[in-house]
Amino acid sequence: KAGVTQTPRYLIKTRGQQVTLSCSPISGHRSVSWYQQTPGQGLQFLFEYFSETQRNKGNFPGRFSGRQFSNSRSEMNVSTLELGDSALYLCASTRWGGGLQETQYFGPGTRLLVL
Amino acid sequence: AQKITQTQPGMFVQEKEAVTLDCTYDTSDQSYGLFWYKQPSSGEMIFLIYQGSYDEQNATEGRYSLNFQKARKSANLVISASQLGDSAMYFCAMREQGNQFYFGTGTSLTVIP
């Protein structure tokens, strides 16, 4: 079974631009979560989508948004990029997203550099 | 308050020795799950081991075991017989019912030949 895939793997943008990252979960998984990872902050939860609905949201500004499609693929968008948005963006999927035992399986991440 | 605390930013261990990575957590829930992930330099997070709050026995997965002390709210990862490939960042995480995962800041483990 294929794992979680993320595209693109690397991205360089300039301040003020916007960016869209894509995540395809493991086949059969309906929950997708997004995280931002920076050296100083660790993994910070962005949001979780289940069946095309945002179910949980972290403490990030409105510049960060996401969506999920009917095939469970998810995209996240960051508008008006700032230097501090440079990070590794990780996507993780689970089958249902609600069970305590459910393990999140992560993709390889997208490394975003904002200049 | 931090949900997950990992107090060891960096650890060194001799190859073939055992090492313990510390993790404490904070929750008022009775039901919760605890996870450990490994992140090599490539960036991908790899699931290692899971412990449920009601599990009476410590979880084990090959060379990984979880030393679960519920009263102390600690969930330490023990890696036995360390290998060079174990060098990576290790993250402790917790999930409360219906909520997202909370991750610690990680511990960087270096295995010395």
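Proteins come first, then strands; the chains are lettered A, B, ... in the order of their sequence lines, and each starts at number 1.
- The environment of B:K16 atom NZ is sparse: at most 12 non-hydrogen atoms of other residues, nucleotides or ligands sit within 6.0 angstrom.
- Criterion: ILVMFWY side-chain heavy atoms under 4.5 Å apart, direct or through other members. Under it, B:V78 and B:W36 are not part of a common hydrophobic cluster.
- Looking at A:T103, the atoms closer than 4.5 Å to chain B (heavy atoms on both sides) sit in the backbone and in the side chain alike.
- Proximity to chain A is absent for every atom of B:Q51, based on heavy atoms less than 4.5 angstrom apart.
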Could you walk me through whether A:L43 and B:Y37 pass the side-chain contact (heavy atoms from CB on, under 4.5 Å) test, one step at a time?
CA-CA 12 Å; A:L43 272 85; B:Y37 285 85; over 6 Å; no
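- Ranked by heavy-atom pairs under 4.5 Å with chain B, the first of A:G109, A:G107, A:A92, A:S33 is A:G107.
- Contact of A:F47 with chain B is not made at all, since no heavy-atom distance falls under 4.5 Å.
- With a 4.5 Å cut-off on side-chain heavy atoms, B:F101 and A:Q104 count as touching.
- In this structure, chain B has no heavy atom under 4.5 Å from any part of A:Q44.
- Hydrophobic clustering, with ILVMFWY side chains joined whenever heavy atoms are under 4.5 angstrom apart, groups B:Y102 together with B:F68.
- Around CZ of A:R15, the count of heavy atoms belonging to other residues, nucleotides or ligands within 6.0 Å does not exceed 12.
- Between B:F103 and A:F45 the shortest side-chain heavy-atom distance does not fall below 4.5 Å.
- A:E102 and B:R95 get closest at one heavy-atom pair: O-NH1, 4.2 Å.
- Note: A:F106 CZ to B:Q39 CD = 8.5 Å, rounded to the nearest 0.5 Å.
- Under a hydrophobic clustering in which Ile, Leu, Val, Met, Phe, Trp and Tyr are joined whenever their side-chain heavy atoms come within less than 4.5 Å, directly or via other members, A:Y49 and A:L46 fall into the same cluster.
- The CE atom of B:M89 sits 7.0 Å away from the CD atom of A:Q37 when rounded to the nearest 0.5 Å.
- Enclosure of atom CZ in B:F12 is not indicated, since only 12 or fewer non-hydrogen atoms of other residues, nucleotides or ligands lie within 6.0 angstrom.
- Within residues 71-90 of chain A, the residues approaching chain B closer than 4.5 Å by heavy atoms are, in numerical order, A:L88, A:L90.
- Both B:Y64 and B:Y25 belong to a single network of hydrophobic side chains, linked directly or stepwise wherever heavy atoms of I, L, V, M, F, W or Y lie under 4.5 Å apart.
- The part of B:S42 that comes within reach of chain A is its backbone (N, CA, C, O), which places non-hydrogen atoms under 4.5 angstrom from that chain.
- Tracing side-chain contacts under 4.5 Å through hydrophobic residues (I, L, V, M, F, W, Y), one reaches B:V13 starting from B:L21; they form part of the same cluster.
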